[in-house]
Amino acid sequence: MKTFRLPQILAEIIDFTADYRIPKLPLYLFLGMCLNIVVAPVVYAATGESFSHVQAWSLGLLGLVTLGLSTYLFFVMFVPEKF
């Protein structure tokens with residue numbers, strides 16, 4: 001019977017998790033939707049309820065995508081050696 005010590009078990013866990021990669025697109029979509037939960041009601045309230053909930057969610061998501069793209073392009077322009 002093989003006995004494991006705690007450092008060996010931790011080393012095995014670290015080796016296992018180092019090979020496992022979390023897919024980033026679902027994570028980004030999830031974070032975008034979580035941020036949109038905050039942004040969409042603000043858009044809906046600012047328009048005086050002239051937009052539907054779907055339109056407010058769409059505008060909020062469009063704003064988040066635009067903000068993310070502009071931030072990414074800013075860093076690509078001013079710190080190009082990282083990319």
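Fair warning: this is a prediction, and the values are worked out from it, not measured in the lab.
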- Query: How close do P41 and N36 get, heavy atom to heavy atom, and via which atoms?
  - Reply: CD-O, 4.1 Å
- Query: In a check of side-chain contact (heavy atoms from CB on, under 4.5 Å) between V39 and each of L64, L67, L61, which one passes?
  - Reply: L64
- Which other residues belong to the hydrophobic cluster containing V54, where Ile, Leu, Val, Met, Phe, Trp and Tyr are joined when side-chain heavy atoms lie under 4.5 Å apart, directly or via other members? none
- Qualifying residue for side-chain contact (heavy atoms from CB on, under 4.5 Å) with V76, from F78, F74, Y72: Y72
- Item | Connected-component partners of M33 among ILVMFWY, side-chain separation under 4.5 Å | I37, W57
